[in-house]
Amino acid sequence: MTTPDTTVRFDDAWPVALAVARATAAQGYDTVLVRDILGRFSLALDDRVPKVSSESADRWRTELAERLGRYAAANTVLLASDLFAPEAVFESPHLIDLPGQEVSQGHGRIRVLDNGVVGEDWAPVTTPRTEDSGVGTTRIALYGFKGGVGRSTATFMLGKHLADQGSCVLVLDLDLESPGSGPLLLREEDTPQYGLVDHLVEFALGNADGLDLVATASGISVAGNGELWVAPARGRGSGTAPYTYVDKLNRVYGSVPGTPSLTFADRLEQAVTACEAAVAARSRRPDVILLDSRAGIHDIAAVTISRLCDLALLFGSDNSQTWNGYRDLFTAWQASGQAEAIRDKVKMVASMVPDTHRAEYLSTFRDRSWACFSILYDDLPADDSTGFNPSPEDLSAPHSPVPILFTLDLVGLDGVSSPGWSEQRFVQAAYDEFLTTATRLILEGA
């Protein structure tokens, strides 16, 4: 085997493999472009009809090996007729259609099977299933690419506000590595015996029945018949043995022995469902679930935004970390053909907006947000208005920021150690537009 004259790097390998995939599809073969956890490529060809000649298969193997260098898999071309279980590849639930392809008569279909270790659930975008009765709980994710943007405090404020409107609200602290909303909403002595981390560990062994996972928020008065429940990341333990949170956390992301199809995403969804059922059993079914997500490109965030929520509020400040991070995520969604699906379920939140020069700050933020979100919008000619490509000034568009104001008076306040802090006038002023807009989006879906 010869090697390329120029070293092939990760980003270079994709267009090379894709070009060969297009060539095989043009010959009438349904093609799966497979990338392994190291980024190496192989092509899986469904040759059950029509058959692939040995000469053609060898030619494509040689071309991929020579052009991809170290990014060629050990076996660059896999034939369905040679596989023991071809359905594991050609009917995999993780297959993604190649974006923008138009399958013409006589051409095969190209799909992608991208295997990763972290964040592999960013690609397939879905929304929670609607129940047969038509009644469902609205799930809202609160996510920030970068930590420290006030996401957990906003979760507190939104949860209490919705409860004051009469809703039954459940807050789940999904930031397992750095729990935020759990400690913010619950005194230690009021924390349930078990947390979400316990359900993830116990469910893997079929041992999750009967876990005490939820509690009502501590020291918070709710108006009318509203309710505010909390499912913390960690529990308080039984008191008979040390509560080994780190040891549990080390085991929540691994695959389940004997049941490889039970993914981390499945287990996290089961944990959310179990907490919802626990509230329903003790009171009534939650109207709204707030998912306080882990920051960064992380499996928890991937599952929460791509699979578990109806709407994701994306928090950010106007800095390069925010825009570079979201640009990377949006590019991944666009490349995997999920741009249209994800843009229908996200809304930008401008957190920590300075009270002084507010209008100027938000104007700059909105323009930069639009430039970033444009990755998810339709690429239209100037005279075409049939697709989705809103102007920067469109307040209803996903990029248009919902502001949360910031003053130094907000630093250090929390619901447990400072009861009633959320009712103070400057706090209400800081969160007024966010609470009004978020409530409308949640309760009215508009």
Side-chain angles (χ1 to χ4, degrees), residues 142 147 151-160 163 168-222 226-254 264 267-284 286 288-295 298 300 304 308 412-422:
L142 294 93
R151 185 193 69 245
S152 293
T153 304
T155 303
F156 174 100
M157 293 295 297
L158 182 57
K160 185 179 186 308
C168 180
V169 182
L170 168 61
V171 174
L172 278 85
D173 190 350
L174 297 182
D175 195 347
L176 301 185
E177 277 78 3
S178 182
S181 54
L184 192 64
L185 288 159
L186 286 172
R187 288 187 291 258
E188 188 171 356
E189 62 269 23
D190 298 325
T191 301
Q193 185 173 350
Y194 299 103
L196 289 163
V197 70
D198 295 285
H199 192 279
L200 289 167
V201 171
E202 301 291 347
F203 184 81
L205 300 178
N207 202 40
D209 291 344
L211 294 179
D212 172 30
L213 295 169
V214 300
T216 54
S218 298
I220 299 172
S221 60
V222 174
E227 300 177 28
L228 183 55
W229 293 81
V230 187
R234 71 186 311 280
R236 72 173 189 277
S238 64
T240 59
Y243 190 76
T244 53
Y245 186 75
V246 173
D247 290 343
K248 296 170 186 173
L249 189 59
N250 287 341
R251 289 161 173 80
V252 298
Y253 302 110
F264 170 71
R267 292 158 62 197
L268 189 60
E269 185 167 27
Q270 288 290 337
V272 174
T273 301
C275 293
E276 180 181 352
V279 173
R282 293 172 58 178
S283 178
R284 56 182 163 126
V288 180
I289 293 179
L290 301 182
L291 306 168
D292 186 10
S293 176
R294 175 78 173 145
H298 190 280
I300 286 180
T304 302
L308 296 184
L413 293 177
D414 69 76
V416 174
S417 63
S418 305
W421 70 273
S422 62

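Heads up: numbering here begins at 1 and tracks the sequence.
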Could you check whether any side-chain N or O of S152 sits under 3.5 Å from a backbone N or O of G180, counting only pairs where one atom can act as donor and the other as acceptor? no
Would you say L200 and Y253 make side-chain contact, with heavy atoms under 4.5 Å? no
Non-hydrogen side-chain atoms of L176 and Y245 separated by less than 4.5 Å: yes
Sub-4.5 Å side-chain heavy-atom contact between V230 and S181: no
Nearest heavy-atom pair of R151 and A295: which atoms, and what distance? NH1-CB, 4.0 Å
pair L174-L268: side-chain heavy atoms closer than 4.5 Å: yes
For a quick test of reading the model, state the closest non-hydrogen atom pair linking V252 to F264 and the distance between them. O-CD1, 3.3 Å
Mind checking the CZ-CD spacing from R267 to E202? Nearest 0.5 Å is all I need. 11.0 Å
Value for CG (L291) from OG1 (T304), rounded to nearest 0.5 Å, stands at 6.0 Å
For the CH2 atom of W229 and the CD atom of E276, what is their distance to the nearest 0.5 Å? 13.5 Å
Do L213 and L196 have side-chain heavy atoms sitting under 4.5 Å apart? no
Quick one: CG on L228 to CG on L170, what's the gap to the nearest 0.5 Å? 9.0 Å
Is E227 close to V222 at the side-chain level, that is, under 4.5 Å between some pair of heavy atoms? no
May I ask you to decide if G195's main-chain N or O and D198's side chain share a donor-acceptor pair within less than 3.5 Å? yes
Which heavy atom of A217 sits nearest a heavy atom of I220, and at what distance? CB-CD1, 3.7 Å
If I take atom CG from residue D173 and atom CZ from residue R294, how far apart are they, to the nearest 0.5 angstrom? 11.0 Å
Under 3.5 Å donor-acceptor, R282 side chain and V214 backbone: yes
Are the side chains of Y243 and V197 in contact, using a 4.5 Å heavy-atom criterion? yes
Would you say the side-chain atoms of S283 pair up with the backbone N or O of V279, donor to acceptor, closer than 3.5 Å? no
Shortest non-hydrogen contact from R234 to T191? O-CG2, 3.7 Å
Hey, are the side chains of C275 and L172 touching, using non-hydrogen atoms and a 4.5 Å cut-off? yes
When rounded to the nearest 0.5 Å, the distance separating CG of L184 from OG1 of T155 is 8.5 Å
